[in-house]
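Both ligands and their constituent atoms are indexed starting at 1 by order of listing. Values reported hereafter were calculated over all heavy atoms of this structure, with side chains retained and with hydrogens, waters and symmetry mates removed.
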Amino acid sequence: MLVPRTTPLITGERICERVRELAVQIVDEYCGEEPFIAAGLLRGCYVFMADLMREISRLGGHVRELEFMVCSSYGSSTESSRTLEIQRDLNIDVRGERVLIVDDIVDTGHTLYAVKQMLLNRGADDLNTAVLLDKPSRREVAIDADFVGFTIENLFVVGYGLDYAQRYRELPHITVLEERPEPD
Ligand code: 5GP
Ligand code: MG
């Protein structure tokens, strides 16, 4: 049975602190007071996106629109299927718009790479990417996010929006999924 480890890998307090730092960096290096569209990749991005956008707003950043896409590359397994399936597209024309893609984690890189290429092909301008977590040791395509919260080892993590078979997204911290014997 796979269950979340009780000791967090990254505590909720540490995440809060880091999201604030990331917001400062994004306002300084990317948006300033220029309006931009935040394009979140559901469902994993939702907690990170909510916290990050409020911090950016507190700092005077101008989030013109919050938009979302539903893509899936994992299903209910811990192995990437390596195919990007778009289940719900953005509800906005990004041509000529400054776009910040927001995702929970960059792992093999297939998702972020495919979404980035797609939005560039649609004419998005000044496209940047922000992710909470990065697992560089798993990378299969050459892509790095412009803004990264934490770099982690090759571990499957849940919490703060990240799931295992749609569970554990509500955890306030990030923790590792581990094997535990079934109770009798
Ligand atoms: P990639 O395409 O870079 O391999 O990863 C795409 C998606 O896989 C991420 O946006 C995330 O939803 C999921 N994913 C990758 N690693 C993890 C992980 O450690 N935990 C969870 N819950 N999802 C992950
Ligand atoms: Mg995701």
Side-chain angles (χ1 to χ4, degrees), residues 1-12 14-15 18-19 22 26 37-53 66-91 94 99-121 124 127-180:
M1 185 171 61
L2 284 168
V3 293
R5 192 175 288 170
T6 42
T7 313
L9 179 69
I10 310 170
T11 63
R14 184 66 195 109
I15 297 172
R18 186 67 190 124
V19 169
L22 265 189
I26 290 171
I37 291 166
L41 308 190
L42 290 173
R43 298 175 213 170
C45 78
Y46 86 101
V47 184
F48 176 49
M49 178 112 159
D51 286 349
L52 183 66
M53 292 307 128
L66 283 180
E67 257 300 330
F68 297 96
M69 295 178 71
V70 182
C71 319
S72 126
S73 65
Y74 259 72
S76 56
S77 123
T78 55
E79 285 301 310
S80 173
S81 66
R82 281 129 184 77
T83 11
L84 181 79
E85 191 197 335
I86 297 176
Q87 291 154 3
R88 182 210 184 265
D89 207 337
L90 296 176
N91 210 2
V94 296
V99 180
L100 180 69
I101 300 173
V102 181
D103 201 5
D104 50 0
I105 184 165
V106 54
D107 183 36
T108 64
H110 287 281
T111 309
L112 203 58
Y113 182 84
V115 171
K116 193 173 169 181
Q117 287 311 311
M118 193 183 74
L119 298 187
L120 284 174
N121 289 340
L127 187 67
N128 269 229
T129 53
V131 297
L132 179 71
L133 302 169
D134 185 7
K135 284 200 272 192
S137 63
R138 293 256 306 160
R139 206 72 95 248
E140 292 174 8
V141 284
I143 185 164
D144 282 320
D146 300 293
F147 303 99
V148 174
F150 302 94
T151 299
I152 62 168
E153 303 291 301
N154 181 13
L155 299 163
F156 192 83
V157 292
V158 294
Y160 197 74
L162 290 103
D163 75 308
Y164 171 62
Q166 302 310 329
R167 297 188 63 189
Y168 314 125
R169 292 191 198 273
E170 72 287 359
L171 297 177
H173 51 264
I174 303 271
T175 192
V176 176
L177 205 64
E178 67 182 4
E179 190 64 48
R180 196 171 299 162

Regarding atom 14 (N) of ligand 1: of the candidates Val131, Ile105, Asp104, Leu155, which has the closest heavy atom?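 The residue whose heavy atom sits nearest atom 14 (N) of ligand 1 is Ile105.
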Closest to atom 6 (C) of ligand 1 (judged by heavy-atom distance), picking from Ile143, Ile152, Thr111: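 Looking at heavy atoms only, Thr111 sits closest to atom 6 (C) of ligand 1.
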Return yes when Phe156 approaches ligand 1 closer than 4.0 angstrom through a heavy atom, no otherwise.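 Checking ligand 1 against Phe156, which is what was asked, there is a heavy-atom contact under 4.0 Å.
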Between Leu162 and ligand 1, does any nitrogen or oxygen pair lie at a separation below 3.5 Å?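 No, no N or O pair falls under 3.5 Å.
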If you measure every N/O of Gly109 against every N/O of ligand 1, is any gap under 3.5 Å?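 Such a contact does occur with ligand 1.
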Among Leu171, Ile174, Leu9, Val176, exactly one meets side-chain contact (heavy atoms from CB on, under 4.5 Å) together with Val158. Which residue is that?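 The single option meeting the side-chain contact (heavy atoms from CB on, under 4.5 Å) with Val158 is Leu171.
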For Asp163, the ligand 1 atoms whose distance to one of its heavy atoms is below 4.0 Å: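 Near Asp163, meaning under 4.0 Å from one of its heavy atoms, ligand 1 has 21 (C), 22 (N).
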Numbered atoms and elements of ligand 1 in range of Val157, under 4.0 angstrom, heavy atoms: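 Numbered from 1, ligand 1 contributes 18 (C), 19 (O), 20 (N), 21 (C), 22 (N).
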Heavy-atom pair of closest approach, residues Gly161 and Tyr46: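 Of all heavy-atom pairs spanning Gly161 and Tyr46, the closest is CA-CE2, 3.9 Å.
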To check you understand the geometry: which heavy-atom pair defines the closest contact between Glu140 and His110, and what is its length?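 It is OE1-NE2, 2.8 Å.
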What part of [X] sits under 4.0 Å from ligand 1 if we count only heavy atoms: the side chain, the backbone, both or neither?
X	result
Lys135	side chain
Asp103	side chain
Leu133	neither

Around atom CZ of Arg18, are there more than 12 heavy atoms from other residues, nucleotides or ligands closer than 6.0 Å?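 It does: Arg18 CZ has more than 12 such atoms within range.
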Below 3.5 Å, can you tabulate the donor-acceptor pairs from side chains in residues 143-153 to any protein atom, sequence neighbours excluded?
residue : atom : partner : partner atom : Å
Asp144  : OD1  : Arg139  : NH2          : 3.1
Asp146  : OD2  : Thr129  : N            : 2.9
Asp146  : OD2  : Thr129  : OG1          : 3.2

What orientation do Tyr160 and Phe48 show, parallel under 30°, tilted 30 to 60°, or perpendicular over 60°?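 Tilted, since the angle between the ring planes falls between 30° and 60°.
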For Glu178, check salt bridge (Lys or Arg N to Asp or Glu O under 4.0 Å) against everything at least two apart and list the hits.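 In terms of salt bridge (Lys or Arg N to Asp or Glu O under 4.0 Å), with neighbours along the sequence ignored, Glu178 is linked to Arg5, Arg180.
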